[in-house]
Asks: 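Starting off with a structure, shown below.
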Amino acid sequence: MKPAELAQKFEGIFGARPRVFCAPGRVNLLGEHTDYNDGFVMPCAIGFSTRVAISPRPDRKLVIRSEDFAEQLEFDLDHLPRQGTGVWSDYVLGIAVMLKEAGHPVSGASLLVRGEVPIGAGLSSSAAIEVASALALMSLNGTRLSLPEVAKLCQRTENEFIGARVGIMDQFVSCLGRAGHALLLDCRSLEFKLIPIPENIRLVICNTMVKHEHASGAYNRRREECDEGVRILRQWYPKATALRDISLEQLEQHTSEIPAVVYKRCLHVVSENQRVLEGGKYLTDGDVKHFGGLMRDSHLSLRDLFEVSCRELDIMVEIAESLEGFCGGRMTGGGFGGCTVNLVKAADASRFAAQIAERYQASTGITSDVYVCSAANGASAD
Ligand code: GLA
């Protein structure tokens, strides 16, 4: 459906002409579980977006609807909850709450959401709805925040209103991604560099269609294990405030003094940061082959050290490696299910997509969704 049709639909429901804002999901090429360790990541925005249509209301209500759900939710702007209750509208509401808390004006509004980012696939449908909602709500009052500030507001919404201790990666690239480019982000300084992805390369995203139950609890536990690693390492490196500040050589000097599980988590993060920096150089040189090698190392590290892969992700990666046109691939996102991302030669991409779906089905019995994508632009007004 075209954006104009969303506006038309909105008019049919609310009787007013809306403005429409759009924000994409993302796929991460390299740098997993490094963002909340003040490290480096290299995601791209993708061509699946969430759109939020908005118009002002004369009262003090937020009225929120989505094309995907039947109900209409209404909230009183003067009595907003402090925390989400686990419903889809939390992502919109949470933005309003965080804007207000930061001292920005929030006025009555009607909103209609259209989400095209597959939900629960690890492609950041939540960042997409947050960013689009932030731009929409800000537009009613002329609130001007830079895009990195918008990303931070959206991350705060996840951390404080939704209760997920996520890093900044997803919201940042949803705001600032660029078509045809990967975004190498320093999650501490928020400095970033856009690196062109060679034109003859496609991103083939393969959804395992599984989402393991324990994912969000396990995510938070991984964060705690990383924090514990920092606490221990500070005995020897008191200036370190995050795993970002620890080198591989430093870590390896203390193998026997750190509990085995915590050590493995730290080793993943420290080496993954190095891979992103190295990968940035390879990609800048158009060296997809060596970049692909780092993606493979990243997958093995996520599987064996950080332990966030699962059988289905491993199978998907293994099949990809045997197919024509494959240049590199790995699990992407938080893990425990969700998607793999593969760099595939454009000429082979559609055959690759058909074959991987067929072989994954043969070995798991699961019908997967496979998307052939290119890096897309970040958030915008339609
Ligand atoms: C999720 C979080 C991100 C990041 C990844 C893992 O997508 O939202 O902040 O931590 O997991 O790299």
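The analysis underlying the following values was restricted to heavy atoms, covering all of them including side chains, and did not include hydrogens, waters or symmetry mates. For ligands, and for the atoms within them, numbers begin at 1 and follow the listed sequence.
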Asks: Is His33 close to ligand 1, meaning an N/O of one under 3.5 Å from an N/O of the other?
Replies: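 Yes; at least one N/O pair falls below 3.5 Å.
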
Asks: Which ligand 1 atoms does Tyr36 reach within 4.0 Å, using its non-hydrogen atoms?
Replies: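 Close to Tyr36: 10 (O).
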
Asks: Quick test: of every protein heavy atom, which one is nearest to atom 9 (O) of ligand 1, and how far off is it to 0.1 Å?
Replies: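 Protein heavy atom with the smallest distance to atom 9 (O) of ligand 1: Asp35 OD2, 2.5 Å.
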
Asks: I'd like to check whether Asn28 has a polar contact with ligand 1, where a contact means an N/O of the residue lying under 3.5 Å from an N/O of the ligand.
Replies: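 Looking only at distances, the answer is no, because the N/O contact criterion of under 3.5 Å is not met.
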
Asks: State the atoms of ligand 1, each with its element, that fall below the 4.0 Å cut-off from a heavy-atom position in Met169.
Replies: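 It comes down to these atoms of ligand 1: 4 (C), 5 (C), 12 (O).
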
Asks: Look at Asp297 together with Arg275 and state whether they make a salt bridge at an N to O cut-off of under 4.0 Å.
Replies: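 So Asp297 does not pair with Arg275 through a salt bridge.
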
Asks: Is Ser124 close to ligand 1, meaning an N/O of one under 3.5 Å from an N/O of the other?
Replies: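 Among all N and O atoms of Ser124, none is under 3.5 Å from an N or O of ligand 1.
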
Asks: To the nearest 0.1 Å, how far is atom 8 (O) of ligand 1 from its closest protein heavy atom, and which atom is that?
Replies: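 Checking every protein heavy atom, the shortest distance to atom 8 (O) of ligand 1 gives Asp170 OD2, 2.6 Å.
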
Asks: Going by an N to O cut-off under 4.0 Å, is there a salt bridge joining Arg234 and Asp245?
Replies: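 Asp245 and Arg234: not salt-bridged.
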
Asks: How close does the nearest protein non-hydrogen atom get to atom 7 (O) of ligand 1, and which residue and atom is it?
Replies: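 Answer, as residue, atom name and distance: Arg26 NH2, 2.9 Å.
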
Asks: Are Glu228 and Arg265 close enough for a salt bridge, meaning some N to O gap below 4.0 Å?
Replies: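 Salt bridge flag = no for Arg265 with Glu228.
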
Asks: Ring centres of Tyr219 and His33 under 6.0 Å apart?
Replies: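 Distance test on ring centres: under 6.0 Å, yes.
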
Asks: Which atoms of ligand 1 have any heavy atom of Val166 under 4.0 Å away?
Replies: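 Under 4.0 Å from Val166, ligand 1 has these atoms: 2 (C), 8 (O), 9 (O).
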
Asks: Is the closest basic N to carboxylate O distance between Lys152 and Glu149 below 4.0 Å?
Replies: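 Yes, charged N to carboxylate O under 4.0 Å.
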
Asks: Going by an N to O cut-off under 4.0 Å, is there a salt bridge joining Asp314 and Arg311?
Replies: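 Answer for the salt bridge query: no.
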
Asks: Salt bridge between Glu101 and Arg82, side-chain N to carboxylate O under 4.0 Å?
Replies: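 Arg82 and Glu101: salt-bridged.
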
Asks: Backbone or side chain, does any N or O of Gly167 fall under 3.5 Å from an N or O of ligand 1?
Replies: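 Yes - when backbone and side-chain N and O of Gly167 are compared with those of ligand 1, one distance drops under 3.5 Å.
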
Asks: Considering both backbone and side-chain atoms of Tyr219, is one of its nitrogen or oxygen atoms within less than 3.5 Å of a nitrogen or oxygen in ligand 1?
Replies: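 N/O-N/O distance under 3.5 Å: yes.
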
Asks: Under a 4.0 Å threshold between the charged nitrogen and the carboxylate oxygen, would Glu307 count as salt-bridged to Lys264?
Replies: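 Answer for the salt bridge query: yes.
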
